[in-house]
Amino acid sequence: SRRRHTRLLTVQGVQTCALPICKAAIRWIRANAATYNFDPNRIGAAGGSAGGHLSSMLGTAGGVGLDTLGTAIMDLEGTVGGNNQYSSKVQAVCDMYGPIDLLSLNDPCPQGNPTVSTIDHDAAGSPEGLLMGAMIQTIPDKTKMASPLSFVSSDDPPFLIVHGDRDASIPVCQSIKFSDSLKKAFAANKKECTLIQLPTQGHGFSVTVAQDSIIAFFTRTLLSPVRSVKNIGGGFNALPQVVFNNSFFSVFSLKPFALTISDAQGRVLLSKHCEGSTTVYPAKSDQNGSGLRVCTIKTGKAVRTFAFVNIR
């Protein structure tokens, strides 16, 4: 809706408020990674509408500080929140129906329905006019510096872009243009840029519409597959493994029963003894101890159930 879009974008200006605050949050995560057990190398950004705009700015303008474009000079990093010794870059971005090239928001969009936005984005009182503090066509250089499209380069992170063809506020052509630009920039390094167009959706659709695609995107871009599951109780050899949802297919011993799970970088994700285990198939393990077993492991307050396959 226009009201929601306006509320999210109404700030003192992207160079003095919105984007530097987002970057400050990323730097804070990295500064406190050890305290809260964050992985500072696996940070993703996602948002819809104005949030999609800011997430995309984090993706394409991450690490950009004081910059000049034509007559405009803007500090896209800022010092709010401190921790400026840390990077504000993110490693994956999901943009849902965000404004990407602010100066072209009023342009006709043949792929959209309607083909022209119902908002006059060039007006002083538009979301973009309020963001920039003036009618955007009167300050084109400054407005370009608030547009994610202006900063697209080959070192940007992978992107997932989701947009409804029936968006009457932010034309779907914004995302099509963004996707085309990113794919061109990623041609050599083969990074992912996926555009999903939803034929029946307008502006502000629920994230649940695309949640499976979003979860899959962040899983493949931020989460490394499990490399090995080491049996520390029975001495069986570890095998290369892949994680499927909440189940790890691995090797187990009968007594004692304990596992160490490592990621692709060799970092230990889990080292626990089973609280209880049940053989599922076959009813009794064969002579070699092969079979499928379900094991319950307590991690903090959570109780997780994993399925293990023993191959000997």
Side-chain angles (χ1 to χ4, degrees), residues 14 19 22-23 26-27 29-30 39-65 67 69 76-77 86-105 107 109-112 143-165 167 170-199 207 209-225 242 263-265:
V14 68
L19 181 60
C22 292
K23 289 189 171 185
I26 302 301
R27 296 195 307 269
I29 291 173
R30 289 202 164 93
D39 187 334
N41 299 312
R42 302 185 192 185
I43 301 176
S49 194
H53 168 256
L54 288 172
S55 296
S56 296
M57 285 294 290
L58 284 173
T60 63
V64 178
D67 202 12
L69 196 158
L76 298 179
E77 186 73 31
Y86 294 95
S87 171
S88 61
K89 290 186 176 183
V90 296
Q91 284 66 59
V93 174
C94 173
D95 159 38
M96 294 184 292
Y97 46 87
I100 299 302
D101 180 25
L102 305 189
L103 291 173
S104 68
L105 281 165
D107 291 355
C109 177
Q111 296 94 326
T143 301
K144 287 178 182 177
M145 295 192 75
S147 298
L149 188 69
S150 300
F151 299 94
V152 169
S153 66
S154 61
D155 65 349
D156 292 342
F159 267 80
L160 172 65
I161 304 168
V162 188
H163 210 130
D165 288 345
D167 195 324
I170 305 296
V172 69
C173 288
Q174 290 280 302
S175 288
I176 295 172
K177 180 188 295 186
F178 194 30
S179 173
D180 289 345
S181 182
L182 285 166
K183 288 178 179 178
K184 183 177 180 180
F186 295 166
N189 57 33
K190 306 300 181 182
K191 287 183 185 176
E192 176 177 356
C193 176
T194 298
L195 171 63
I196 299 176
Q197 291 180 237
L198 303 175
V207 69
V209 174
Q211 68 178 9
D212 290 345
S213 297
I214 295 170
I215 291 171
F217 168 74
F218 281 120
T219 297
R220 63 179 174 265
T221 54
L222 294 182
L223 299 181
S224 298
V242 178
D263 67 8
Q265 283 72 46

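These numbers were taken from a predicted model, which means no experiment stands behind them.
Here the CG atom belonging to L76 is positioned 12.0 Å from the SG atom belonging to C22, to the nearest 0.5 angstrom.
Looking at I100 and D95, their side chains come closer than 4.5 Å, going by heavy atoms from C-beta outward. For the pair D167 and V172, the minimum side-chain heavy-atom distance is 4.5 Å or more. Q111 places none of its side-chain heavy atoms less than 4.5 Å from the side chain of D165.
Distance alone, capped at 3.5 Å, places no donor-acceptor pair between the T143 side chain and the L103 backbone. Side-chain atoms of S56 come within 3.5 Å of backbone atoms of G52 as a donor-acceptor pair (strictly under, hydrogens ignored). Formation of a donor-acceptor pair under 3.5 Å by the Q197 side chain with backbone atoms of H163 is not found in this model. For D156 (side chain) and S153 (main-chain N/O), a donor-acceptor pair under 3.5 Å exists by modelled atom type. A donor-acceptor contact shorter than 3.5 Å is absent between the side chain of S88 and the backbone of I26. Counting only distance, with no hydrogens or angles, the side chain of R30 and the backbone of P40 share a donor-acceptor pair below 3.5 Å.
Close placement of the F159 and F178 rings is indicated, their centers lying within 6.0 Å of each other.
Of all the heavy atoms in K23 and L58, the pair that sits closest is CG-CD2, 3.6 Å. A pairwise comparison of heavy atoms in S154 and N189 identifies O-ND2, 2.8 Å as the closest pair. Between Y97 and G48, the closest heavy-atom pair is CE1-C, 3.7 Å. Taking each heavy atom of S55 and G47 in turn, the nearest pair found is OG-N, 3.4 Å.
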Inset, instruction - Given side-chain contact (heavy atoms from CB on, under 4.5 Å), test D107 with D101 step by step and report yes or no. - result: CA-CA 10 Å; D107 291 355; D101 180 25; over 6 Å; no
